[in-house]
Protein chains: 2
Amino acid sequence: MPEHKHAAYFQLFNEIAILEQLSRALLEARLPNGIIAPHFAVLNHLIRVQDGRTPVELARAFQVAKTTMTHTLSGLEKHGLIELRANPDDGRSKRAWLTDKGRQMRQKAIEDLMPEFEKMADTITLDNVESVLPHLTKLRMFLDRSRDI
Amino acid sequence: MPEHKHAAYFQLFNEIAILEQLSRALLEARLPNGIIAPHFAVLNHLIRVQDGRTPVELARAFQVAKTTMTHTLSGLEKHGLIELRANPDDGRSKRAWLTDKGRQMRQKAIEDLMPEFEKMADTITLDNVESVLPHLTKLRMFLDRSRDI
DNA sequence: TCATATTAGTACGATGTCGAATTAAATAGG
DNA sequence: CCTATTTAATTCGACATCGTACTAATATGA
């Protein structure tokens with residue numbers, strides 16, 4: 001692969017890094033005080049995949065250190081958005097359960113974000129998103145796999 | 001926009017957040033000890049755009065707080081990868097200049113990453129990257145603009 | 001020209017993330 | 001079984017990022 005072809009891959013990761021920062025800022029401006037993007041991401045995951053996940057499962061899903069997930073979950077618990085209960089299947093482990101307050105907070109945040117998505121749709125249509133997503137997902141899965149090895 | 005259509009935008013930002021983490025880890029594993037992704041990103045920017053940028057320009061380019069850029073630049077300077085000199089056009093300001101060591105370190109890091117891009121090309125081809133990039137760039141520019149307002 | 005507002009950079013304190021080390025529970029192998 | 005290894009979660013220390021407050025220099029505009 002010649003030099004100039006690497007440039008495209010480079011640029012891709014550069015855009016991803018900046019997009020991550022911008023979208024995090026956009027999101028956090030619409031979340032209650034003290035709630036940050038990782039909190040919201042965990043709430044979403046617990047809705048999408050089902051709650052009752054363990055901290056290690058969540059850390060893997062988001063590719064963060066498990067110490068980081070401990071910290072994130074304790075923040076969610078302190079705000080009453082989740083409950084951590086012992087895992088009956090494994091005495092070392094815990095499971096995270098959404099509270100009503102957690103579900104409501106997430107729902108409200110999503111509603112507050114809808115106008116942003118509407119505005120965005122002029123720049124990147126739903127068709128665009130749907131054409132881009134599979135490539136990013138494949139790349140994410142590839143990087144995920146190659147990390148484990 | 002109905003509920004299920006938001007899901008695609010949601011998923012897009014979710015993938016971006018995870019990709020950012022994975023690619024940062026991939027990169028930092030190939031950088032010298034003490035050099036982190038933001039250092040590398042600044043070196044790249046100084047090559048691509050031209051060195052002689054001011055800290056504020058760099059902070060805007062990466063959408064980070066200017067205090068963060070101060071910290072990043074002082075790290076780069078401490079490692080001898082850039083030099084900060086007074087800006088003759090503005091007594092409040094400085095300009096960042098690449099050193100030979102900085103250019104060499106960046107070049108080596110890029111060469112060390114090439115095999116990774118080669119492997120990646122099976123998952124996401126150059127054509128894929130080139131089809132995805134314009135959408136991400138437009139989205140980044142949109143978010144960038146709407147932040148300023 | 002001079003007072004006011006804005007801008008560039010930094011110091012500081014708070015907090016998020018990470019890696020290494022630790023403890024307790026589960027698993028594997030003899 | 002029983003010991004050695006692995007795994008889940010946490011504590012701790014290091015450091016990156018951020019917002020606020022500050023200083024110095026520049027720009028504005030009456």
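Lettering of chains follows the sequences in order, A, B, ..., and the numbering in each one begins at 1. In what follows, every heavy atom counts, from backbone to side chain, and hydrogens, waters and symmetry copies are set aside.
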Mind checking whether A/Gln107 and A/Glu111 have side chains closer than 4.5 Å, heavy atoms only?
-> yes
When you check the side-chain N and O atoms of B/Thr137 and A/Glu15, is any donor under 3.5 Å from an acceptor?
-> yes
Where the side chain of A/Thr70 meets the backbone of A/Lys66, is there a donor-acceptor pair that is under 3.5 Å apart?
-> yes
Nucleotide N/O to protein N/O under 3.5 Å, stretch nucleotides 24-26 of chain D:
from: D/dT26; atom 1: OP1; to: B/Gly91; atom 2: N; distance (Å): 2.9

Taking only N and O in the side chain of B/Lys66, is any of them less than 4.0 Å away from OP1 or OP2 of C/dT7?
-> no
Atom NE2 of B/His39 and atom P of D/dA16: how far apart are they, to the nearest Å?
-> 6 Å
Would you give the length of the straight line joining atom CG of B/Leu31 to atom CG of B/Leu113, rounded to the nearest 0.5 angstrom?
-> 7.5 Å
Map A/Arg24 and A/Lys94 onto DNA chain D by nearest heavy atom, then report which one ends up closer to the 5' terminus.
-> A/Lys94
Between the main-chain N or O of B/Thr125 and the side-chain N or O of B/Asn128, is there a donor-acceptor pair closer than 3.5 Å?
-> yes
May I ask you to decide if A/Thr54's main-chain N or O and A/Glu57's side chain share a donor-acceptor pair within less than 3.5 Å?
-> yes
Specify whether B/His79 and B/His39 have parallel, tilted or perpendicular ring planes, treating 30° as the upper limit for parallel and 60° as the lower limit for perpendicular.
-> tilted
Please state how far atom CG in A/Leu84 lies from atom P in D/dT10, giving the value in whole angstrom units.
-> 7 Å
Distance, rounded to the nearest Å, where A/Met69 contributes CE and C/dT17 contributes C1' | 11 Å
Within the side chain of A/Glu20, is there an N or O that forms a donor-acceptor pair under 3.5 Å with the backbone of B/Ile16?
-> no
Could you grab the distance from atom CZ of B/Arg53 to atom CG of B/Asn87, nearest 0.5 Å is fine?
-> 10.0 Å
Side chains of A/Arg103 and A/Asp51: does their closest heavy-atom pair fall under 4.5 Å?
-> yes
If only side-chain N and O atoms of A/Thr70 are considered, is one of them under 4.0 Å from the OP1 or OP2 phosphate oxygen of D/dA9?
-> no
For B/Leu76 and D/dA16, give me the distance from atom CG to atom P, rounded to whole Å.
-> 11 Å
CZ of B/Arg60 versus P of C/dG9: gap in Å, rounded?
-> 10 Å
Just how far, in rounded Å, is C1' of D/dC15 from NZ of B/Lys78?
-> 10 Å
Phosphate OP1/OP2 of C/dG16 contacted by A/Thr72 side-chain N/O (<4.0 Å) | no
A/His71 side chain N/O closer than 4.0 Å to the phosphate oxygens (OP1, OP2) of C/dG16?
-> yes
Tell me which nucleotide among C/dC18, C/dT10, D/dC18 gets nearest to the side chain of A/Val64.
-> C/dC18
How close or far is atom P of C/dT15 from atom CD of A/Glu28, stated in whole angstroms?
-> 14 Å
Listed in order of residue number, which residues of residues 41-59 of chain A have a non-hydrogen atom at under 4.0 Å from DNA chain D?
-> A/Thr54, A/Pro55, A/Val56
Atom-to-atom span, CG of B/Asn87 to P of C/dA8 - whole angstrom | 11 Å
Between B/Ser93 and C/dG9, does any side-chain N or O lie under 4.0 Å from OP1 or OP2?
-> yes
